[in-house]
Amino acid sequence: MGTSHDVKAADGRVLRAHDSGRGENLTVLWHHGTPQTGALLEPVLAAAEARGIRVVSYGRPGYGGSTVAPGRTIGDAAEDVRCVADALGLDRFAVVGASGGGTHALACAALLPDRVTAAATLAAVAPYTEEFDWFAGMADPTSLRAAREGRDARLAHAATHDFDPASFAAPDWAALEGAWGPLGADAGAAGAVGPDGEVDDDVAYVSPWGFALADVRTPVLLGHGSADRVIPEAHVHHLFAHLPDAQLWLRPRDGHISILTALPVAFDWVLDAAR
């Protein structure tokens, strides 16, 4: 299952990183969703190993042993990834992320152009904007609406809010009952230590990101499920319209979790892009 490392960020915070340590063809920096610990999950490891990919991940601030960083932006992830990459001796790598992890992967593509070869996202969040109805189609937008009011409001919301099962479509529940069961367990572990990571993720999604989509010059694959009730399809269309070099891959029957069954193809894509 690889090794774990505590890496010091530029400002002295701790970042808990994980490294499969194997892979002769490419290194992928995996960005986890909200909430997760950053640990390497079995389906991610299996897809990577089958393709000769070394996969590295880390817990964003507030998750899985990484120090909380209130007020962090999406763009701040790039400097944390630079620290992790330097500590593990990574020069060039692709970035792949699921849900909000895809959003943070785009930050690295924009702000680390000397390191990132390609980016792939699955069910990524678009920047908050009034160009379209950003909340429309979300089964439960209350957490992100609270985040628009600031960190204190989002923390207060976390104290009383429970997950709405209607946020997941039937294919999502099937994925969680199958190969992606470890994701559900990991999300539970992330939530058990407190709300800080999830709260700061949500506030970052609806605040200025610290970079523009036009700054992403590397090739990007945007995968999204049309049945997604957490991050609706309109988000990926916005990303596609504003990224200079993106390919759009819609999967009509997939929801927010079942889109992860497409991860092996996303890994194939970043391999081809690196070549």
Side-chain angles (χ1 to χ4, degrees), residues 1-4 17-23 25-60 63-64 94-105 118-125 139 163-192 197-198 221-233 236 249-272:
M1 296 297 289
T3 58
S4 298
H18 309 275
D19 183 2
S20 72
R22 303 184 298 272
N25 293 327
L26 179 69
T27 297
V28 164
L29 202 302
W30 169 255
H31 292 263
H32 65 81
T34 302
Q36 300 223 241
T37 68
L40 289 171
L41 304 179
E42 181 54 37
V44 177
L45 287 168
E49 185 171 8
R51 289 157 178 79
I53 291 174
R54 176 185 179 186
V55 61
V56 171
S57 70
Y58 77 105
R60 287 193 295 277
Y63 289 121
V95 289
V96 180
S99 187
T103 301
H104 288 85
T121 73
L122 300 170
V125 184
F163 174 74
D164 183 355
S167 296
F168 289 164
D172 296 326
W173 292 112
L176 288 169
E177 290 166 4
W180 284 92
L183 184 146
D186 187 73
E198 183 173 5
L221 175 66
L222 300 168
H224 213 96
S226 298
D228 195 327
R229 301 174 184 171
V230 178
I231 304 299
E233 184 182 324
V236 78
W249 181 25
L250 293 178
R251 290 170 59 93
R253 293 182 176 85
D254 274 331
H256 196 68
I257 303 299
S258 63
I259 187 68
L260 290 168
T261 62
L263 180 61
V265 182
F267 277 171
D268 288 338
W269 189 90
V270 294
L271 267 173
D272 287 342

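Every value quoted in this text rests on a predicted model; they were computed, and no experiment measured them. Just so you know, these numbers use all the heavy atoms, side chains as well, and skip hydrogens, waters and symmetry mates.
Here the side chains of Leu122 and Leu260 are in contact, with some heavy-atom distance below 4.5 Å. For the pair Thr121/Trp249, no side-chain contact is recorded, criterion being any heavy-atom separation below 4.5 Å from C-beta on. In this structure the side chain of Leu41 reaches within 4.5 angstrom of the side chain of Gln36, judged on heavy atoms. Residues Leu29 and Tyr58 form a side-chain contact, since some pair of their non-hydrogen atoms from C-beta on lies under 4.5 Å apart.
At a cut-off of 3.5 Å, with distance as the only test, no side-chain donor of Asp19 or Thr3 sits close to an acceptor on the other residue.
To the nearest 0.5 angstrom, Asp228 atom CG is 8.0 Å from Ile259 atom CD1. Atom CG of Leu45 and atom CD1 of Ile53 lie 11.5 Å apart (nearest 0.5 Å). Note that OG of Ser4 is 4.5 Å distant from NE2 of His18, once rounded to the nearest 0.5 Å.
The salt bridge (charged side-chain N to carboxylate O under 4.0 Å, His left out) test applied to Asp254 returns Arg251, not counting sequence neighbours. For Tyr63, the ring pair (Phe, Tyr, Trp, His ring centres under 6.0 Å) partners at least two apart in sequence or on another chain are His32.
Scanning all heavy atoms of the two residues, the minimum distance from Trp180 to Thr261 falls at NE1-N, 4.0 Å. Here the closest heavy-atom approach between residue Val270 and residue Ala118 is recorded as CG1-CB, 4.4 Å. Across Ala227 and Ala169, no two heavy atoms sit closer than the pair O-CB, 4.0 Å. Heavy-atom minimum distance, Arg60 versus Gly33: NH2-O, 3.5 Å. For the residue pair Ile257 and Ala175, the shortest heavy atom distance occurs at CG2-CB, 4.0 Å.
In this structure, Arg51 contributes its side chain and Pro264 its backbone to a donor-acceptor pair below 3.5 Å.
The aromatic rings of Phe168 and Phe163 sit tilted, their planes meeting at an angle between 30° and 60°.
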